[in-house]
Amino acid sequence: MYFLWRNTPYGAIRVSCEGLYDFADEVMNSRIRLYSVTLLPSGRKENADFTVVLSEDDILPETKKKVENHFDAVLRPMGLKVSVVWASPERSISSFMQNSYLWAGLASCIAVIMTAGFDGFFWVAFWGAAAWFAVHALKVITRRFRSA
């Protein structure tokens with residue numbers, strides 16, 4: 001689907017968001033990450049026809065300027081104006097730390113240690129692990145009998 005139709009001095013232009021995203025991705029080097037490409041409606045009188053949001057993590061100012069100038073040099077003859085926005089990547093907690101089972105297990109371990117002591121925790125962990133291995137051994141045995 002085309003998102004931007006424009007008649008320029010050089011002819012009609014039809015731009016799709018996927019095509020624009022692919023173009024922007026090819027222009028950059030591997031260290032720069034493309035976050036989004038936004039096309040503005042053709043009736044608006046904004047500074048740019050579309051906005052490209054790129055990562056700025058450990059990128060030199062000269063490299064940023066070079067990327068911006070390259071976008072401008074390629075698109076200006078087509079009658080398009082681009083605005084490049086540099087954004088810092090979000091530092092988030094790893095998915096391991098966001099796992100609710102991890103926190104539930106940790107809270108359970110703390111509760112057992114507080115109520116039953118370390119000896120009680122050892123035996124709860126021992127019998128829990130033994131039950132886990134027993135269930136998995138039964139799964140393996142039943143699969144072998146089914147496939148035979």
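Numbers here are sequence positions counted from 1. Owing to the predicted nature of the structure, the values given are computational and were not obtained by experimental measurement.
Here the side chain of Asn69 pairs a donor or acceptor atom with the backbone of Lys65 at under 3.5 angstrom.
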Distance-only donor-acceptor pairs under 3.5 Å for side chains of residues 102-117, two or more places apart:
from   : atom 1 : to     : atom 2 : distance (Å)
Trp103 : NE1    : Met97  : O      : 2.5
Ser108 : OG     : Ala104 : O      : 2.8
Thr115 : OG1    : Ala111 : O      : 2.9
Thr115 : OG1    : Val112 : O      : 3.4

Compile the donor-acceptor pairs under 3.5 Å between side chains in residues 119-135 and protein atoms, sequence neighbours left out, one pair per line.
from   : atom 1 : to     : atom 2 : distance (Å)
Trp132 : NE1    : His136 : NE2    : 3.2

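Between the CZ atom in Arg143 and the NZ atom in Lys139 there is a gap of 6.5 Å [rounded to 0.5 Å].
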